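One structure is given here, and the rest of the page talks about it.
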Amino acid sequence: MPRVKSSHNSPSKNPAPQGKSGFVRIISGQWRGRKLPVKDVEGLRPTTDRVKETIFNWLAPHIRGTRCLDLFAGSGGLGLEALSRYAEQVTLIEMDKSAADQIKKNLAALGSSQGQVIQSDAVSWLQGPATPFDLVFLDPPFRRELLPQVCELLEQRGWLAKDALIYLEREKEMADLALPASWQLLKDKQAGQVCYQLYLRDTKNDAAV
């Protein structure tokens, strides 16, 4: 995968109103402007359009034809946006059954057969047989300390292609996050209390932190 020019500059998903269902909007690509329903699930924070637009501006030269993993899919907004922008295939992992079912309905509404929704706990799923992905979205529930274990499993168990890109979204107060040494920080922005970052897996440096 081509390298992204580095720019160190770092939501996020705002809680849906209690008792109400919201929607996500496809920003660009073949389904531009489509609004898709989102289940009201505790802890679900659909990424704001402003942040999502920044992410996909970063990824624009690289996303077509990629195999993507949306590991904490939630609303499915990131994975569906990737499909709209002509990713080859997207696997969406979501633990909550109602949220996973809604993503399946949204894929059907879009007429897409290139998205696979798996209802599973992300950590358990990563311990199964691995297929390398070109692009991985990591936007886990906040304050559950999931990222260190998930990042290690991605790196150590063969889930990442040679020059994979990894998008990571985390709470601002998580200052000391140990990541694999082969992950090179390319982009780093902040929106409110949320940091969002893009990493390149640099296989020339494969020592783990």
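All values reported here derive from a predicted model rather than from experimental measurement.
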Would L146 and L138 count as a side chain to side chain contact (heavy atoms under 4.5 Å, CB included) here? Give the steps. CA-CA 10 Å; L146 291 168; L138 297 178; over 6 Å; no

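- Each of I93, V90, T131, L135 was checked for a side-chain contact (heavy atoms from CB on, under 4.5 Å) with L69, and the lone residue meeting it is I93.
- Judged as a ring pair (Phe, Tyr, Trp, His ring centres under 6.0 Å), and not counting sequence neighbours, F133 has no contacts.
- Between the OG1 atom of T66 and the NE2 atom of H62 there is a distance of 10.5 Å, given to the nearest 0.5 Å.
- By the criterion of side-chain heavy atoms lying less than 4.5 angstrom apart, applied directly or through intervening Ile, Leu, Val, Met, Phe, Trp or Tyr residues, M95 is not grouped with W125; the two fall into different hydrophobic clusters.
- Within the structure, side-chain hydrogen bond (donor to acceptor under 3.5 Å, both in side chains) contacts touching residues 104-120 (residues at least two apart or in different chains) are Q102-N106.
- Counting only residues at least two apart or in different chains, side-chain hydrogen bond (donor to acceptor under 3.5 Å, both in side chains) contacts with residues 77-93 comprise E81-R85, Q89-T91.
- Between L168 and L179 the shortest side-chain heavy-atom distance falls below 4.5 Å.
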Go through the steps to decide whether R201 and E155 satisfy the test salt bridge (charged side-chain N to carboxylate O under 4.0 Å, His left out), and finish with yes or no. CA-CA 9 Å; R201 183 175 185 247; E155 178 66 29; 3.0 Å; yes

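- Checking each of Y199, F56, F137 against Y167 for a side-chain contact (heavy atoms from CB on, under 4.5 Å) leaves exactly one that passes, namely F137.
- Although no hydrogens or angles enter the test, the distance criterion places a donor-acceptor pair under 3.5 Å between the side chain of R157 and the main chain of Q127.
- Rounded to the nearest 0.5 angstrom, L78 CG and L59 CG are separated by 9.5 Å.
- In this structure, OG in S75 is found 9.0 Å from CD in E94, a value given to the nearest 0.5 Å.
- The heavy-atom pair separating F142 from R170 by the smallest distance is CZ-C, 3.6 Å.
- Under the side chain to side chain donor-acceptor pair (under 3.5 Å) criterion, D121 pairs with S124, not counting sequence neighbours.
- Screening residues 98-123 for ring-ring contact (aromatic ring centres under 6.0 Å, His included), with sequence neighbours left out, gives no hits.
- Considering only heavy atoms from C-beta on, I63 stays 4.5 Å or farther from L165 through its side chain.
- Of all the heavy atoms in L177 and P148, the pair that sits closest is CD1-CG, 3.8 Å.
- Pairs engaging residues 89-119 under the ring-ring contact (aromatic ring centres under 6.0 Å, His included) rule: none recorded [sequence neighbours left out].
- Here L71 contributes atom CG and I118 contributes atom CD1; the two are 10.0 Å apart, rounded to the nearest 0.5 Å.
- Using a 4.5 Å cut-off on side-chain heavy atoms (C-beta onward), L80 and L107 make contact.
- In this structure S98 satisfies the side chain to side chain donor-acceptor pair (under 3.5 Å) test together with D96, sequence neighbours excluded.
- A99 and G74 make their closest contact through CB-O, 3.8 Å (heavy atoms, listed as atom of the first residue, atom of the second, distance).
- In this structure, CG on L200 lies 10.5 Å from CG on L160, to the nearest 0.5 angstrom.
- Smallest separation of non-hydrogen atoms from A161 and D134: CB-OD1, 3.7 Å.
- In terms of heavy-atom proximity, A73 sits nearest to L92 at CB-CB, 3.8 Å.
- Minimum interatomic distance between W159 and G128 (heavy atoms only, all atoms of both residues): CZ2-O, 3.7 Å.
- Between P140 and V150 there is no side-chain heavy-atom pair separated by less than 4.5 Å.
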Throw together a table of side-chain donor-acceptor distances under 3.5 angstrom for residues 24-35, partners on residues two or more places apart or in other chains.
from: R25; atom 1: NE; to: D49; atom 2: OD2; distance (Å): 3.0
from: R25; atom 1: NH2; to: D49; atom 2: OD2; distance (Å): 3.0
from: Q30; atom 1: NE2; to: L83; atom 2: O; distance (Å): 3.0

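- Side-chain contact between W183 and D202 is absent, with no heavy-atom pair separated by less than 4.5 Å.
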